[in-house]
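Report on the following structure.
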Amino acid sequence: MSGQHSAVTIDAEYCTGCRRCAAVCPVDAIEGRQGEAQSINQQKCIMCGQCIQICSGYASSQDDFYDTPRAIKLNERNMPLNLREPLFAAYYRGDFQTVQAVLSGQRFHTIVQCAPAVRVAIAEEFGLPLGRLVPGQLAAVLRRIGFSRVYDTNFAADLTIMEEGAELVKRIKTGSTLPMFTSCCPAWVKFVEDQYPDLIAHLSSCKSPQQMAGTMFKTYGATLDQVAADKVYSVAIMPCTCKKYEAGRPEMKASGYRDVDAVLTTRELAYLIKAAGIDFRTLPEESFDNPLGLYSGAGTIFGVTGGVMEAALRTAYEILAAKPLAEPDIKRVRGETGVRHVTVDVGSMQLNTVVVAGLKNALPLLEQVRAGQADFHFMEVMTCPAGCVSGGGQPKMLLPVDTAHSHRQRTTSTYQHDAELPIRKSHENSAIQKLYREFLGEPLGHTSHQLLHTHYRSETRG
Amino acid sequence: MNNFVIADPDKCIGCRTCEVACVMAHGEHPLEQLTEENFLPRLRLVRTAKISMPIQCRQCEDAPCAQSCPEQAILQNGHSVQVTAGKCIGCKSCLLACPYGAIDLVVRPSSTGAKLNTVEALKCDLCLERTGGPACIQVCPTKALYQVEGSQMAGRLQQKRRKAAMGVVKVSGN
């Protein structure tokens, strides 16, 4: 079970004390003196994994010796025992062995979902160019690894927009708590809970796409496949280390079972593919399974900063302005700047939005909200610098120059994918429409409230 | 005089990024293809309680490694000392001769068919074939590494002597 353990750790044996991780940690959770092994203050850590991405303190044969054998380290990290790549000091405890065991057994009906940012990064693990867009090969490989159903987080991103868009419109019309904050990024949510508990009411009550998908798999999805929910094992492939924590949160069992049983990072998926002996480069392109794998362009841009905002605006505009949005590209919300204010004319009103990339950039805005001086209605925050494409579970770039390049390439591919999809707006996704007709009723309705919305905790957790 | 790369221990934070960059510059491996065995930087971080800095070849003018090589696999080449990989027989003389420990011997187990291992003496080649020069210098987050141009050595010394002379002028009050 992923989640409740500390997901992100620094191995004192390999750490050289350079403290470059401390420079990228958005919550100053990394403690230690220069030149000495660092440790992570787990009270503060939001498990974004940016320290893992920047760490270059590898286990070098030049250091005098390491007390702990490599095999024990690999076990501690829950990584493949035959993994040959160098080990770095900052790491996350994975779920590789757990999922591999489930897949090789016959006990479960396994359902997998895949985050938007995985399809623009997984190819890098097989020597393909940075940011190569491979949704078709991704679906194909998940099937070959042995998942019974290959569904998609992108579908659930569309579902999130239906609920979150409706929630925003309702908050505006009823004059309840504004500005509303997005709630897709678990590190951001944990940060608000820990550091700004007085602002919890601003967080959208919507679960993240990962958790919405998990809930749908064990309810609607289980019914479609005519299997009992307790026979479903639900796996999420994520670019994120904090998603492991999110899946393990005790309240995330709306289906009556753990909605997401295990989370693998993009890198861990690559381990699974290699362990299965599959040549990723020669795979044919296949589709995700219907209906919970069908998605719009709005769903796929959730993986980049500004994407949730743009997806929400494509739907909220049509509700508020009561007319079709002619041009789905809302390029003003895109970009690399840490804080982007954009005002959108939705006919009846001017909707003020703000997009934040990189958690630290949210602090001044949170202070504004706290002081009652915020002049915006809706704020998207993604903890990682370029959004989920730059998450802590993505393929590790060894050099800083490649890091920036990889973020750009993955972002470009994400927008390209959006532009090429036949449906661009979440509410036009036919599988979403069918799900509401057959199962959920209406956005913010009773069933949605039970399954797709959550509550937050303000007490300090250990 | 030869060029060489050296680190300023006061600036070095010991992050090993230079080592990683060196491996990448000489192989272009993505992480997934790297193994502990082929992760072979040509400069090595030294860490003690008081100091951290990478150590690499000083490109000696009368290079002991080259002197000791029975196969003339290590030779002066332009403004540096270079190893000709194919000539190395793995005798380890250069490893013993180098006063800096800047040479490593890589032994790759024999591939199918071949009877013997393949070997290569590995040391800093100043990234001669890389556009942009030494990769370690480029990636260092604290700019602790720099290249000393042998041709500028005379000028550097001249400057230092001038400075020293000015110091004496101040002391004597003239």
Side-chain angles (χ1 to χ4, degrees), chain A residues 14-24 33-38 53-64 66 70 73-74 82-90 122-130 266-267 269-271 273-274 280 394-403 406, chain B residues 7 9-56 100-107 122 130 132 135-144:
Chain A
Y14 299 161
C15 178
T16 66
C18 74
R19 286 189 56 78
R20 288 193 307 144
C21 51
V24 296
R33 273 191 243 156
Q34 187 78 43
E36 294 176 7
Q38 306 293 301
Q53 294 293 12
I54 199 168
C55 181
S56 51
Y58 73 100
S60 168
S61 57
Q62 290 304 288
D63 283 356
D64 291 347
Y66 300 112
R70 182 177 164 95
K73 298 282 189 192
L74 288 168
N82 59 358
L83 190 75
R84 296 180 68 209
E85 68 186 36
L87 296 181
F88 291 86
I122 184 70
E124 295 166 13
E125 292 279 348
F126 302 92
L128 290 162
L130 297 179
T266 310
R267 299 205 59 210
L269 173 61
Y271 299 152
I273 297 169
K274 284 168 199 168
F280 189 85
Q394 289 285 63
K396 182 178 167 79
M397 292 299 118
L398 289 169
L399 296 176
V401 56
D402 293 333
T403 306
S406 71
Chain B
D10 291 335
K11 288 186 182 168
C12 175
I13 54 171
C15 66
R16 292 194 194 279
T17 310
C18 52
E19 294 190 18
V20 174
C22 183
V23 173
M24 303 288 281
H26 291 91
E28 297 292 331
H29 297 292
L31 177 58
E32 56 99 18
Q33 283 166 16
L34 286 168
T35 65
E36 286 212 313
E37 295 76 42
N38 68 19
F39 202 91
L40 300 164
R42 293 154 186 245
L43 77 174
R44 296 285 193 171
L45 181 73
V46 174
R47 286 175 66 226
T48 70
K50 287 189 177 156
I51 204 175
S52 76
M53 71 180 285
I55 292 297
Q56 64 210 104
Y100 294 100
I103 308 187
D104 262 330
L105 188 69
V106 187
V107 183
L122 217 60
R130 183 175 179 275
C136 53
I137 297 177
Q138 283 185 338
V139 299
C140 178
T142 57
K143 304 274 172 259

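A note on names: the letters A, B, ... follow the listed sequences, proteins ahead of strands, and every chain is numbered from 1.
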If every non-hydrogen atom of B:Pro141 is compared with every non-hydrogen atom of B:Ile13, which pair is closest and at what distance? CG-CD1, 4.3 Å

Ionic contact status for A:Arg267 with A:Glu85, cut-off 4.0 Å: yes

For A:Arg70, which atoms come within 4.5 Å of any heavy atom of chain B: side chain, backbone, both, or neither? side chain

Heavy-atom contact with chain B under 4.5 Å, split by part of A:Tyr271: neither

By a 4.5 Å heavy-atom criterion (distance strictly below it), what part of A:Cys55 contacts chain B: side chain, backbone, both, or neither? neither

Residue pairs involving residues 40-50 of chain B (criterion side-chain hydrogen bond (donor to acceptor under 3.5 Å, both in side chains); sequence neighbours excluded): B:Arg44-B:Asp104

Taking every heavy-atom pair that is under 4.5 Å apart, which of B:Thr35, B:Thr142, B:Val20 has the most such pairs with chain A? B:Thr35

Go through the structure and list residues passing side-chain contact (heavy atoms from CB on, under 4.5 Å) with A:Ala23, not counting sequence neighbours. none

For A:Pro400, is it the side chain, the backbone, both or neither that has a heavy atom under 4.5 Å from a heavy atom of chain B? side chain

Measure from the side-chain N and O atoms of B:Thr17 to the backbone N and O of B:Val139, and report whether any donor-acceptor pair falls under 3.5 Å. no

So, the part of B:Glu19 with a heavy atom under 4.5 Å from chain A: the answer is side chain

Chain B contact via A:Phe88 - which portion, at a heavy-atom distance below 4.5 Å: side chain

Below 4.5 Å from any heavy atom of chain B, which atoms of A:Ala59 appear? Answer side chain, backbone, both or neither. both

Geometric class of the A:Phe280/A:Phe126 ring pair [parallel <30°, tilted 30-60°, perpendicular >60°]: parallel

Scanning both residues in full, the closest heavy-atom pair of A:Arg20 with B:Cys15 reads NE-CB, 3.6 Å

Part of B:Ser52 within contact of chain A (heavy atom distance under 4.5 Å): neither

